[in-house]
Amino acid sequence: MNLSKQLINWYTDNKRDLPWRNTTNPYFIWLSEIILQQTQVVQGLPYYTAFTTYYPTVFDLANADEQDVLKLWQGLGYYSRARNLHASAKYIVNVLNGQFPDTFDDILKLKGVGDYTASAIASICFNQITAVVDGNVYRALSRIYGIETAINTGKGFKEFKALAQQLIDVKQPATFNQAIMEFGARLCKPKNPDCNICPFNTVCVALQKGTIGELPVKLKANKVTKKHFNFIVMLSKDNKTIIEQRQGSGIWQNLYQFPLIETEKEATHEVIVNEIENLDILKDATFDVSLYNDKVIVHKLSHQHLNTKFWIVTLDQELSKGVSIKQIKDYPVPILIGNFIEKFNF
DNA sequence: AAAACGGGGAC
DNA sequence: GTCCCAGTTTT
């Protein structure tokens, strides 16, 4: 029996019952694939439920406000996924008359859809013979075949894509793709894979060579930079505060936050008071500044460590341009801000 | 080719 | 603490 058939047999016996496995509706599959990019199933599951409930069709998503889409995405991270999802929904409705693209090449044209996602949708929804290559596929194939090519290089991608494309079951590409991913996620795990019950343990090159722990090969970790964030939380006499939308490129694009003062080093009370006095909005105002979190909050992103302080600024005046603190929970915010709002409870 | 882009799960 | 997750886009 060949590898493809064995993989599918294993999948038949071991697959999880997940909501997107009970449909081939391309809108639902697309949603699930975007949500699951760089995201574990357990983390993405509630978001899939929320999106299919609030936006049951691509028309509902296209007609939504971006702010509401971001709000529903809040906490999942990689927010460009939500913005691209929304933009692509509009494109499908307005340019393609609501008709979801049905070939790999056309699906690939959607924003936020790369080779992996286009392959997944094309195979699952339209039975196209397009092999997926995700983190699970890299891991499973690198171990079984003992491939030491680094996966995060162009060469590596081409090699694994070609191998997967050669292995795919042309009669059931959708099942094969999901089988190899489920196999990587559940049995051929990064740490402590279940080699003792693996259907390939007699042929697995890495297992025989004792190199399971070294595969797949990945080139150097990206370095992490440290930043110092100071969020200014205004509290006015009329129960308002100031929040602003992040603009331009960088993290948390289009999400909201309290006014941010970034400093080179950890900021002192004196430095913050000085900065605040220069703000237009506080000109001629009397205010009191106190530090909310005694200990710096370290918020870790994939490539930045944000050492964060929340400064509470109590004003003895009203804030005409402020946002009522009752409405603050309507705005999409990064989880760092969301956790603060929750705990501070205004 | 390398860096940027989030947050959480598993160990 | 570390690594990595049903990757894509920008530089």
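Reminder, nothing fancy here: chain letters follow the sequence lines and each chain counts from 1.
- Taking a cutoff of 4.0 Å between a charged side-chain nitrogen and a carboxylate oxygen, A:R21 and A:E182 qualify as a salt bridge.
- Of all the residues in residues 68-86 of chain A, A:G75, A:L76, A:G77, A:Y78, A:Y79, A:R81 reach under 4.0 Å from DNA chain B with at least one non-hydrogen atom.
- The distance from atom CD of A:Q38 to atom P of C:dC4 is 11 Å, rounded to the nearest whole Å.
- When distances run from any side-chain atom of A:P190 to the nucleotides C:dC4, C:dA6, B:dC5, the shortest one goes to C:dC4.
- A donor-acceptor contact closer than 3.5 angstrom is absent between the side chains of A:N25 and A:T23.
- Between A:W73 and A:F51, the ring planes lie perpendicular to each other; the angle is over 60°, past the 30° to 60° tilted range.
- Annotation: of the two residues near DNA chain B, A:V42 and A:L301, the 5′-most nearest-nucleotide partner is A:L301.
- Rounded to whole Å, atom C1' of B:dG6 lies 10 Å from atom CG of A:L306.
- Contact annotation: A:H303 does not reach the phosphate of B:dA4 (side-chain N/O to OP1 or OP2, under 4.0 Å).
- On a pure distance criterion of 3.5 Å, no polar donor-acceptor pair joins the side chain of A:Q43 and the base of B:dG9.
- Remark: aromatic rings of A:F258 and A:F229 are distant, center separation not under 6.0 Å.
- In this structure, the ring of A:Y292 has its center no less than 6.0 angstrom from the ring center of A:W311.
- Between A:Q40 and B:dA10 there is no side-chain N or O to OP1 or OP2 distance below 4.0 Å.
- At whole-Å resolution of the value, CD in A:Q178 and C1' in C:dA6 are 9 Å apart.
- Taking the P atom of each, C:dT11 and B:dG6 are spaced 14 Å apart, rounded to whole Å.
- Closest to the A:T39 side chain, of the nucleotides C:dA6, C:dG7, B:dG6, is B:dG6.
- Within 4.0 Å of A:N177, counting heavy atoms only, lies no atom of the nucleic acid at all.
- Across the interface with DNA chain C, nearest-nucleotide mapping of A:D134 and A:K191 shows A:K191 to be the residue nearer the 5′ end.
- Candidate nucleotides B:dG8, C:dT8, C:dA6 were compared by shortest atom distance to the side chain of A:W20, and C:dA6 ranks first.
- If you check every strand for non-hydrogen atoms under 4.0 Å, A:T117 touches sugar and phosphate atoms only.
- Applying the 4.0 Å criterion to OP1 and OP2 of C:dC4, one finds that A:R139 has every side-chain N and O outside that range.
- Here the separation of B:dG8 from C:dT9, taken at their C1' atoms, is 23 Å to the nearest Å.
- Which of C:dA6, B:dC5, B:dG7 sits closest to the side chain of A:I251 comes down to B:dC5.
- Taking atom C1' in both B:dC5 and C:dC4, one finds a spacing of 15 Å when rounded to whole Å.
- Residue whose closest nucleotide on DNA chain C sits further toward the 5' end, between A:K111 and A:R21: A:R21.
- Look at CG on A:L219: it is 10 Å from C1' on B:dA1, rounded to the nearest Å.
- OP1 and OP2 of B:dA1 both lie 4.0 Å or more from every side-chain N or O belonging to A:K155.
- Rounded to whole Å, the distance from NZ on A:K161 to C1' on C:dG7 is 13 Å.
- A:G154 comes within contact range of the sugar-phosphate backbone alone, with a heavy-atom separation under 4.0 Å but no base atom that close.
- Between A:F344 and A:F310, the ring center distance fails the sub-6.0 Å criterion.
- Note on A:K161 versus A:D115: salt bridge recorded, some NZ/NE/NH1/NH2 to OD/OE distance being below 4.0 Å.
- As judged by a 4.0 angstrom heavy-atom cut-off over every strand, A:V113 is placed among residues touching the sugar-phosphate backbone only.
- Taking the charged nitrogens against the carboxylate oxygens, A:K109 and A:D106 do have a contact shorter than 4.0 Å, which makes a salt bridge.
- Among the heavy atoms of the strands, none lies under 4.0 Å from A:E182.
- Atom NZ of A:K189 is separated from atom P of B:dA10 by 10 Å (rounded to the nearest Å).
- Ion pairing between A:R81 and A:E33 fails under the 4.0 Å rule for side-chain N and carboxylate O.
- Contact check, A:H299 against B:dG7: a side-chain N or O comes under 4.0 Å of OP1 or OP2.
- As a whole-Å value, the separation of A:N152 CG from B:dA2 P is 8 Å.
- Atom CZ of A:F229 is separated from atom C1' of B:dG6 by 13 Å (rounded to the nearest Å).
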